[in-house]
Structures are given as C-alpha cells and as structure tokens.
Chemist: 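Attaching a single structure in structure tokens format; questions to follow.
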Amino acid sequence: GQNIDQPTEMTATEGAIVQINCTYQTSGFNGLFWYQQHAGEAPTFLSYNVLDGLEEKGRFSSFLSRSKGYSYLLLKELQMKDSASYLCAVRDYGGSQGNLIFGKGTKLSVKP
Amino acid sequence: SAVISQKPSRDICQRGTSLTIQCQVDSQVTMMFWYRQQPGQSLTLIATANQGSEATYESGFVIDKFPISRPNLTFSTLTVSNMSPEDSSIYLCSGRTGGKNEQFFGPGTRLTVL
C-alpha cells in the first residue's frame with residue numbers, strides 16, 4: 001500500500017530552525033517533493049529530491065534517504081510568513097503514471 | 001513555472017445538481033491532473049486529464065461522477081455530477097511539463113454542497 005506520514009502540527013519561534021520529518025512507503029519511487037500551502041491558497045513547490053542527500057535552497061533544505069524511506073524539510077531563520085502547511089509528496093511510478101501521492105501535511109505555526 | 005487559474009473560486013450548490021470547474025494554464029503543459037482536498041486531509045488524485053481522449057481515473061473515482069474534458073494543452077474541465085454533501089471539498093487543478101520535476105497547482109475551487 002501507499003503511506004506517507006508526517007506530523008500534524010508543529011510550533012516554532014521566529015528566527016529559529018525547524019525540521020519537518022516525512023516517512024513513506026510506496027510501491028514505487030521516482031522522487032520526493034515538498035510543497036508549502038498557505039491557508040486558502042494553492043500548494044507551491046519548494047523542493048525535489050530523487051538521490052540521497054541534502055539539497056539546499058536558501059533558507060530551506062531538504063534531505064532524502066531512500067533506504068530508510070525518510071525525508072525532512074529544514075527551515076532556517078524562521079519568519080512569520082513561514083506559518084503554513086508543508087506537504088510531503090512522493091512520485092510513484094508503480095503503474096500510476098508518475099502521480100504525486102501526498103501526506104496529510106504539517107501545519108507549522110511560527111510565533112514571535 | 002506556469003500559472004494556473006480556476007473558475008469558479010468557490011461555489012455553494014444544492015444536492016443533486018452538477019458543477020463544472022474550469023482550469024486554464026498560461027502555457028502548454030504535458031500533463032494535467034485534478035485533485036481533491038477535503039478539510040484536514042491530504043490532496044487525493046481524482047484523475048489525469050488526457051488531451052483528446054478519456055481521462056484516467058484513480059481507484060474510487062469514476063467518469064460518470066467526475067467527467068473530465070481536455071480539448072487542448074492549456075485547458076481542462078472537471079464536472080462534479082449529482083452532488084451530495086460528501087462532495088464538499090476543494091478541487092485543485094495541477095499541471096506538469098514533461099522532463100521537468102516541478103508540478104504546479106491552481107488556487108483551487110472551494111465547493112460546498114447543501
């Protein structure tokens with residue numbers, strides 16, 4: 001079966017660092033994505049990992065371990081505008097045309 | 001990345017009626033998808049909209065309930081037929097260009113069925 005797990009909610013302080021974890025079990029794997037979604041808005045693309053390791057993009061970094069079925073999104077120097085839901089998604093080529101399978105999202109609240 | 005617009009942005013409908021949601025992309029995309037996001041839930045793929053042919057539906061979704069059209073590479077429609085309160089959800093259109101990893105989303109259509 002397909003399963004993607006991530007924490008439901010997290011709280012962090014402005015200026016701090018927060019790590020949002022994601023574990024997955026899917027029938028196929030062709031990349032892991034992180035999206036940011038503000039309330040009432042469309043998800044926006046943050047990062048893509050297909051090989052093991054860390055990908056850094058400004059204040060955001062994403063890590064992948066395929067052997068462990070594990071990824072995390074690291075947000076540094078948190079800002080109030082980072083309060084949003086963060087969605088972990090896996091592209092599964094297991095007979096599904098490379099569709100994205102999403103976790104339920106982690107709602108991050110950044111406090112002053 | 002491409003910009004996707006959806007119409008309507010929201011609607012309140014009566015049970016038993018149908019609603020058609022339009023999705024317009026500002027550039028040609030290889031693949032278009034329709035997702036549903038129920039309150040507090042993840043995005044669930046309804047179907048892949050194929051240009052000039054029938055959409056490919058995921059398990060649990062059928063063409064009679066969610067007919068989809070895609071007449072060209074920039075436009076698609078999703079109809080939610082014979083609606084019930086259980087269809088209340090946000091419906092999102094998504095697009096991806098072949099050979100590129102990013103998959104982008106429209107702003108969603110918030111549907112409430114009374």
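Every chain is numbered from 1, with letters handed out A, B, ... down the list of sequences. Remember, it's a predicted structure, so these values are computed and weren't measured experimentally. Only this structure's heavy atoms are used, side chains among them; waters, hydrogens and symmetry mates stay out.
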Chemist: Among residues 45-64 of chain A, which residues come closer than 4.5 Å to chain B, judged by heavy atom distances?
Modeler: A:Phe45, A:Tyr48
Chemist: Ignoring hydrogens, what is the shortest heavy-atom contact between A:Ala42 and B:Phe105? Give both atom names and the distance.
Modeler: CB-O, 3.7 Å
Chemist: So what's closer than 4.5 Å to chain A heavy atoms on B:Gln37: side chain, backbone, both or neither?
Modeler: side chain
Chemist: Can any side-chain N or O of A:Tyr35 pair as donor or acceptor with the backbone N or O of B:Gln103 at less than 3.5 Å?
Modeler: yes
Chemist: Please assess B:Phe104 against A:Thr44 for the test side chain to side chain contact (heavy atoms under 4.5 Å, CB included), listing each intermediate value before the final yes or no.
Modeler: CA-CA 7 Å; B:Phe104 35 88; A:Thr44 55; over 6 Å; no
Chemist: What part of B:Leu43 is in contact with chain A, defined as an atom under 4.5 angstrom from a non-hydrogen atom: side chain, backbone, both or neither?
Modeler: both
Chemist: Which pair of heavy atoms, one from A:Gly103 and one from B:Ser42, lies closest together, and at what distance?
Modeler: O-CB, 2.8 Å
Chemist: Identify the residues of residues 104-112 of chain A whose heavy atoms come closer than 4.5 Å to a heavy atom of chain B, ordered by number, or report 'none'.
Modeler: A:Lys104
Chemist: Do the non-hydrogen side-chain atoms of A:Leu100 and B:Ser94 ever get within less than 4.5 Å of each other?
Modeler: no
Chemist: Just to verify, what does B:Thr20 make a side chain to side chain contact (heavy atoms under 4.5 Å, CB included) with, not counting sequence neighbours?
Modeler: B:Thr77, B:Thr79
Chemist: Taking disulfide bond (SG atoms under 2.5 Å apart) as the cut-off, I'd like each qualifying pair that reaches into residues 18-85 of chain B, sequence neighbours left out, listed once.
Modeler: B:Cys23-B:Cys93
Chemist: Would A:Leu74 and A:Val18 show up in the same hydrophobic cluster when neighbours are defined by side-chain heavy atoms closer than 4.5 Å?
Modeler: no
